[in-house]
Amino acid sequence: DQPRSRGLGDVYKRQVEELLIVGRLDLDTEGMLIITNDGNFVHTLTSPNSHIEKVYYVEYDKELPDDAPTILENPVILKNTTYLPSKLVIIDKNKAYLTIKEGQFHQVKRMFEKANCTVTYLQRIEFGPLKLDDLPLGEFRALTQEELDALKS
């Protein structure tokens, strides 16, 4: 038996296995993900102390109550978790942008539930200085050096 040589497919598989995802999305959420193989970069972007803003486009089932801005723009306390204040920009009766500085499990959905609305569509459109813009669903692009520098600062 001779040792098997490592082909390009093996190298590619190893590189894919080493990729890390920054900013996971729920199964029913669309939007921006950052994929890297730099663990320090991931830590920098996901550390609770970094407070990198993430902007979501949100559609919900009914008109927000009058007190929704007060609820969402102050710390939101749910069970054993306190979410930092967010920024709400209402587009119309059932659409808004919500900016958060964390990214906890189902955070946006839970915050809207606190305001008595159910999220029906959710898309992350910004991560720090990065904007999703017109990148088609399922497509990707490399970050520019300027974008990397902005994320690291």
Side-chain angles (χ1 to χ4, degrees), residues 11-61 63-65 67-115 117-153:
V11 172
Y12 175 75
K13 181 179 177 188
R14 188 178 76 246
Q15 288 174 340
V16 168
E17 288 171 353
E18 294 172 358
L19 291 178
L20 304 165
I21 299 173
V22 178
R24 290 172 282 177
L25 296 172
D26 297 337
L27 183 61
D28 58 348
T29 302
E30 297 177 357
M32 183 185 306
L33 289 173
I34 298 172
I35 301 172
T36 182
N37 62 355
D38 183 342
N40 291 328
F41 185 53
V42 172
H43 178 73
T44 299
L45 297 180
T46 59
S47 169
N49 297 326
S50 67
H51 297 293
I52 295 175
E53 291 187 342
K54 295 141 210 63
V55 180
Y56 291 83
Y57 168 73
V58 187
E59 294 180 4
Y60 36 91
D61 63 339
E63 191 169 352
L64 285 171
D67 64 346
T70 302
I71 292 170
L72 297 172
E73 292 179 352
N74 286 293
V76 175
I77 301 169
L78 296 169
K79 296 184 183 177
N80 296 330
T81 304
T82 300
Y83 299 123
L84 294 173
S86 62
K87 179 181 167 191
L88 178 69
V89 176
I90 298 172
I91 300 169
D92 67 25
K93 68 177 187 166
N94 68 336
K95 296 176 184 149
Y97 295 110
L98 186 72
T99 303
I100 60 174
K101 293 182 181 178
E102 299 155 295
Q104 298 184 33
F105 184 70
H106 293 302
Q107 179 177 349
V108 173
K109 294 174 186 174
R110 290 178 177 170
M111 292 175 74
F112 271 83
E113 286 172 5
K114 181 79 171 184
C117 286
T118 301
V119 172
T120 59
Y121 177 77
L122 185 60
Q123 182 184 41
R124 182 170 41 231
I125 60 172
E126 294 181 26
F127 192 105
L130 304 178
K131 297 182 186 325
L132 188 59
D133 293 328
D134 294 328
L135 191 65
L137 184 64
E139 295 294 319
F140 66 93
R141 68 171 181 82
L143 296 179
T144 66
Q145 188 60 51
E146 291 80 20
E147 290 171 326
L148 285 169
D149 293 343
L151 280 169
K152 291 177 181 179
S153 64

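Since this is a predicted model, take the numbers as computed values, not measurements.
Remark: side-chain polar atoms of Ser86 are paired, donor with acceptor, to backbone N or O of Leu72 under 3.5 angstrom. A donor-acceptor pair is defined here as one N or O able to donate and one able to accept, closer than 3.5 Å; no such pair exists between the side chain of Asp133 and the backbone of Leu135. For Ser47 (side chain) and Thr44 (main-chain N/O), no donor-acceptor pair under 3.5 Å exists by modelled atom type. A donor-acceptor pair is defined here as one N or O able to donate and one able to accept, closer than 3.5 Å; no such pair exists between the side chain of Asn37 and the backbone of Glu18. Under a 3.5 Å cut-off, the side chain of Lys54 and the backbone N or O of Glu102 do form a donor-acceptor pair.
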Check against side-chain contact (heavy atoms from CB on, under 4.5 Å), Thr81 and Arg110: CA-CA 11 Å; Thr81 304; Arg110 290 178 177 170; 5.7 Å; no

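Atom NZ of residue Lys93 and atom OH of residue Tyr60 lie 10.5 Å apart, to the nearest 0.5 angstrom. The CD1 atom of Ile77 sits 7.0 Å away from the NZ atom of Lys114 when rounded to the nearest 0.5 Å. To the nearest 0.5 angstrom, Lys101 atom NZ is 12.0 Å from Gln107 atom CD. A distance of 10.5 Å separates OG1 in Thr46 from CG in Asn49, rounded to the nearest 0.5 Å. Between the CD1 atom in Ile71 and the CD atom in Glu113 there is a gap of 12.5 Å [rounded to 0.5 Å]. Distance OH/Tyr56 to CG/Leu25: 6.5 Å, rounded to 0.5 Å.
By the 4.5 Å heavy-atom criterion applied to side chains, Tyr83 and Ile100 are not counted as neighbours. Between Ile34 and Leu130, the closest side-chain pair of non-hydrogen atoms falls below 4.5 Å. Side chains of Leu88 and Phe112 form a contact here, defined as non-hydrogen atoms less than 4.5 Å apart. Counting heavy atoms from C-beta on, the side chains of Ile35 and Phe140 never come closer than 4.5 Å.
Between Leu64 and Cys117 the shortest heavy-atom distance is CD2-SG, 3.6 Å. Nearest heavy-atom pair, Leu132 versus Arg124, reported as atom, atom and distance to 0.1 Å: CD2-O, 3.7 Å. Looking at every heavy atom in both residues, Lys95 comes nearest to Tyr57 through CD-OH, 3.1 Å. The heavy-atom pair separating Val119 from Val108 by the smallest distance is CG2-O, 4.4 Å. Across Phe41 and Leu151, no two heavy atoms sit closer than the pair CZ-CD1, 3.8 Å. Pairing each heavy atom of Val55 with each of Thr99, the nearest pair is CG2-OG1, 3.4 Å.
Residues passing the salt bridge (Lys or Arg N to Asp or Glu O under 4.0 Å) test with Lys109 are Asp26, Asp28, sequence neighbours excluded. Residues forming a salt bridge (Lys or Arg N to Asp or Glu O under 4.0 Å) with Arg24 (at least two apart in sequence, or on another chain): none.
In Tyr97, the OH atom is not crowded: 12 or fewer heavy atoms of neighbouring residues, nucleotides or ligands sit closer than 6.0 Å. For His43, the NE2 atom counts as loosely surrounded, since its 6.0 Å shell holds 12 or fewer non-hydrogen atoms of other residues, nucleotides or ligands.
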